[in-house]
Amino acid sequence: MSDFSRRASGLAKRTAYREQSSDEQLLALINVVFLLLIFVLINATFIPQPPFAVELPISQSADEASNQPLTIALGADGQLAWNGQQISSDALIEALRGQSLSAEAGVQLHAHSAVPATTVLKLANQIEQADLGRIDVILRVRQ
Amino acid sequence: MNSGLAQRLPTRRQKIPLTPLIDVVFILLVFFMLAANTADWRVITIAPGATSRQIEPEPPVQWMTWKLNQQGLQPLSASAQSGLSNPVSASEAAREYLNTIRAQGDAADWGFALIPEAGVDLQTLMDSVGHLEQSGVKRLRLLEPAQ
């Protein structure tokens, strides 16, 4: 073997080793990023944002909220939103009726802390009269 | 020695480019982290029938009715025998209620009705409900003020 070809094969070996080692490092990085992605996907809840601001009331150590499919937002001025769209209360009840809820399903209510309590009770009464199950008022933990 | 194995293995494996893959995964990660909500939410459940004046639970329940305003809770019904004239906190109201039902006999026949006045916001109502539930008030009803 000539001196040149010996050098060339040595260089090729070193390059192959370097490529393999950088790929292995990248694989470890991808593993970690996939794990992060799965963690975020499992932990997170995704709800459509209403077209108005909702500042949830602060909780005095209530029960932890579970994920529910039906979420209503109630703004400080009494405006309602469902699926990210503003909606009137009559249309909301009709829309909820169309969802064929089971008795234990319930509705999650994201209401602004400054909304009058009577507005919430009126809405709760309407939901109740439409036989739509229980209402879960969502609160946030004091930071 | 291992030349048989070496012959069976493909001499050159097709390489999958990893950089575009990790680019996409990073973009997905950033998207989900921005779109996701990881807030620690709590819940207060309004049970079916709890806001209706028409539906009466079984067995017939005697309601101790309180009104809620910014100052606190004040008894409304005649069954509140305390003669409390000033508004009290939710915890004191719960103590009063529990003492009364203990004195009256069977606790299963009693319920606590709360009527928030106009001008009371949801935060005040939820604070009171949270305190009442913590103090051991079991059957709680939330009613709109009478028209």
Exercise. Could you tell me the separation between the OG atom of A:Ser113 and the CG atom of B:Asp127, rounded to the nearest 0.5 Å?
Key: 10.0 Å
Exercise. Under 4.5 Å heavy-atom distance to chain B, tell me which part of A:Leu74 shows up: side chain, backbone, both or neither.
Key: neither
Quiz prompt | Residue among A:Leu36, A:Thr118, A:Ile58, A:Thr119 with most heavy-atom pairs under 4.5 Å to chain B | solution = A:Ile58
Quiz item: For chain B, which of A:Val137, A:Leu56, A:Leu37 has the most heavy-atom pairs under 4.5 Å?
Solution: A:Val137
Practice problem: Please state whether the side chain, the backbone, both or neither of B:Leu28 comes within less than 4.5 Å of a heavy atom of chain A. | Solution: both
Self-check item: Joint cluster assignment, B:Phe26 & A:Leu27, ILVMFWY side-chain distance < 4.5 Å
Solution: yes
Self-check item: Proximal component of B:Met126, with respect to chain A [non-hydrogen, under 4.5 Å]
Solution: side chain
Exercise. Would you mind telling me which of B:Leu68, B:Leu21, B:Leu142, B:Val129 has the largest number of heavy-atom pairs within less than 4.5 Å of chain A?
Key: B:Leu142
Practice problem: Verify the cluster assignment for B:Phe31 and A:Val33: are they in a single hydrophobic cluster under the rule of side-chain heavy atoms below 4.5 Å apart? | Solution: yes
Quiz prompt | A:Val141 and B:Arg42: CA distance, side-chain angles, deciding distance, side chain to side chain contact (heavy atoms under 4.5 Å, CB included) verdict | solution = CA-CA 7 Å; A:Val141 179; B:Arg42 299 303 158 107; 3.7 Å; yes
Practice problem: Hey, could you give me the CD1/CG distance between B:Ile46 and A:Leu109, rounded to the nearest 0.5 Å? | Solution: 7.5 Å
Practice problem: Begin with the C-alpha distance, continue with both residues' side-chain angles, and end with the deciding distance and a verdict on side chain to side chain contact (heavy atoms under 4.5 Å, CB included) for A:Leu139 and B:Ile44. | Solution: CA-CA 8 Å; A:Leu139 310 138; B:Ile44 285 182; 3.6 Å; yes
Exercise. Would you mind checking which part of A:Ile135 comes under 4.5 Å of any heavy atom in chain B, side chain (CB onward), backbone (N, CA, C, O), both or neither?
Key: both
Quiz item: Does any non-hydrogen side-chain atom of B:Glu144 lie less than 4.5 Å from one of A:Asn125?
Solution: yes
Quiz item: What closest approach, in Å, do A:Pro57 and B:Gln123 show between heavy atoms, and which atom pair accounts for it?
Solution: CA-OE1, 3.2 Å
Quiz item: CG of B:Leu18 to CG of A:Leu26: how many Å apart, nearest 0.5 Å?
Solution: 5.0 Å
Exercise. Please examine the side chains of B:Phe32 and A:Leu41, heavy atoms only from C-beta on, and report whether any two atoms are closer than 4.5 Å.
Key: yes
Practice problem: Is it possible for you to say whether B:Ile22 and B:Met33 belong to one hydrophobic cluster, with membership spreading through side-chain heavy-atom contacts below 4.5 Å? | Solution: yes
Quiz item: Taking side chain as C-beta onward, heavy atoms only, is A:Leu121 less than 4.5 Å from B:Pro116?
Solution: yes
Exercise. Measure B:Thr124 against the heavy atoms of chain A and call it side chain, backbone, both or neither at under 4.5 Å.
Key: neither
Quiz item: Would you say the side chain of B:Leu122 lies within less than 4.5 Å of the side chain of A:His112, judging by non-hydrogen atoms?
Solution: no
